[in-house]
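This report refers to the structure that appears directly beneath it.
All ligand and atom numbering here is 1-based and tracks the order in the structure. As the structure is a computational prediction, the values presented were derived from the model and not from experiment. Both backbone and side-chain heavy atoms feed into the values below; hydrogens, waters and symmetry mates do not.
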Amino acid sequence: MAKAKTAYVCAACGAHSVKWAGQCPDCSAWNTLAQTRIAAARPVRESATAASSLAALPDDLERRHATGFAEFDRVLGGGLVPGAVVLLGGDPGVGKSTLLQQVSASLATEQTVFYATGEESLRQIGQRSQRLGLAAAELRLIADTSLENVLEQANSCAARVLIIDSIQTMTSSELPSAPGSVVQLRECVGRIVQYAKQNEVAVFIIGHVTKDGAIAGPRVVEHMVDTVLYFESDPASRYTLIRSVKNRFGASGEMGVFAMTETGFRQVRNPSAIFLSRDSVAEPGSIVSVAWEGSRSLLVEIQALVADGNTSYPKRLATGIDQNRLSLMLAILQRHGDLALGPEDVFVNVVGGLRISETAVDLPALLAIVSSFRNKPCLERMVCFGEVGLAGEIRPVRFGEERIAAAAKQGFVHALVPQGNVPRKKLQGIQVTGVKRVSDAIDAAF
Ligand code: TYD
Ligand code: MG
């Protein structure tokens, strides 16, 4: 039998270290490493599983259930798959319980849904249901923190969908460690996954993203589940985004858009232009780009501000794009754009609290900086996208034509894009300018 080993495990990201350290070497969180017993592989199996043939599997393998929100179905990969284990992470208060209560009520019209809460009382759940106008929903509820009891109760009412709110409050009585510890979290999720697969029950596991090392976060169990979704919400924005970072039943990187209202979440079906202000006129330091999120386009405004810093340590601050890409753009501007920013502070921001991780926003970020520095607006009704290489070359990005078409649909009349993304056929209503070098792009943008 394998022996149990110990390691230092980070409660925020789950990284293992052999030695203790004050800061996690992986995610840089402080005071999150704790000595943890790594369970040895379970030596005994209660019942051996028999092999079966692929051809003998049932034909309704693609069966999925609609959740009542097309935007949520989208991030799940086209609806809820029976037996799938979905981890739903997010900051406390972002709306995880609210959304899942709405989804439960919708799923409960077709199948038995079991909602287990370890956070709130049944009264609180009832009050929220009333606010959401879902008080009549056929929902089975339990307020309990014992995982064994929750699974037993779910089993006894033959639930097809189970909601665990939240995993950090659940404990397995077989383990002595405290609720919320890495060991408890892994053990509980392990049991839930086993239960889900054996009984073909779909499970949503809510996990709070924690900043404090005392409670382990959902990242610690990401590898154990089928689908991982994260809520993102900027306090200044009306919108809440849900992104899939892993999905065994569909594409990852999908994004669903919701707005929180008095009566719960409302989905935003065509989010293409929601982050743009309606009557935008070209202003210095501002440029519109077309990002690609999951399987659709999203128009975003990128702003830059170049200001006299008057300090020996000028600030370079990126919000919504990668800080390193900003440094890179400034170096490229200096070498290939004839623009050396020395003592000036440079700020770049994506409007609406969005985070864009693709390189297609390189060129617009760079042009926004030039525009702010010159205090001169770019062309009216222009969009721009493209990756910028270290040699000052502009590289094509994926879905170029789709991005241009999306911009044309929103009334933009110019598109400044990498030469490699210029469509062969002329597009209606929008003039496309292809560029190969940073210097050409700067000439064409003003
Ligand atoms: P909640 O779902 O409890 O968050 P989580 O489970 O992620 O911790 O939602 C908390 C916030 O949502 C709370 O600040 C109130 C707000 N809210 C609304 O704005 N409208 C509503 O209809 C509901 C139920 C909540
Ligand atoms: Mg909650």
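Rounding to the nearest 0.5 Å places CZ of Phe114 at 11.0 Å from OG1 of Thr112.
Polar contact with ligand 1: absent for Glu120 (N/O pair, distance under 3.5 Å). At least one N or O atom of Ser97, backbone or side chain, sits closer than 3.5 Å to an N or O atom of ligand 1. Looking at ligand 1, you won't find any N or O of Met260 less than 3.5 Å from one of its N or O atoms. Residue contacts with ligand 1: Leu132 is placed with no nitrogen or oxygen under 3.5 Å of a nitrogen or oxygen of the ligand (distance criterion only).
Counting heavy atoms under 4.0 Å from ligand 1, residue Pro92 touches it through the backbone alone. Here Glu119 has no heavy atoms under 4.0 Å from ligand 1, in either its backbone or its side chain. Using a 4.0 Å cut-off between heavy atoms, Lys96 contacts ligand 1 through both its backbone and its side chain.
Checked against a 6.0 Å centroid threshold, the rings of Phe72 and Phe265 do not count as neighbours.
Side-chain atoms of Gln184 and Ser172 form no donor-acceptor pair, as typed in the model, at a separation below 3.5 Å. Using modelled atom types, one finds a donor on one side chain and an acceptor on the other under 3.5 Å when comparing Arg74 with Ser295.
The protein heavy-atom contact nearest to atom 4 (O) of ligand 1 is Gly95 N, 3.2 Å. Taking atom 1 (P) of ligand 1 as the reference point, the nearest protein heavy-atom neighbour is Thr98 OG1, 3.5 Å. The nearest protein atom to atom 8 (O) of ligand 1, hydrogens excluded, is given as Gly93 N, 2.7 Å; this is a heavy-atom distance.
Per-atom contact check: atom 13 (C) of ligand 1 does not touch the protein, criterion being a heavy-atom distance below 4.0 Å.
Annotation for Lys246: atom NZ counts as buried by contact number, over 12 foreign heavy atoms lying within 6.0 Å. The environment of Arg140 atom CZ is sparse: at most 12 non-hydrogen atoms of other residues, nucleotides or ligands sit within 6.0 angstrom.
Thr169 places a side-chain N or O within donor-acceptor distance of the main-chain N or O of Ser166, the cut-off being under 3.5 Å. Proximity of a side-chain donor or acceptor of Ser244 to a complementary backbone N or O of Leu229 within less than 3.5 Å is not detected.
Ranked by closest heavy atom to atom 21 (C) of ligand 1, the top entry among Arg128, Arg131, Gln124, Gln101 is Arg131. Looking at Val209, Thr263, Thr261, it is Thr261 that brings a heavy atom closest to atom 20 (N) of ligand 1.
The cationic group of Arg403 lies under 6.0 Å from the six-membered ring centre of Phe385 and within 45° of the ring axis, placing it in a cation-pi geometry.
Contact annotation: Ser166 places no N, O or S atom under 2.8 Å from the Mg ion (ligand 2).
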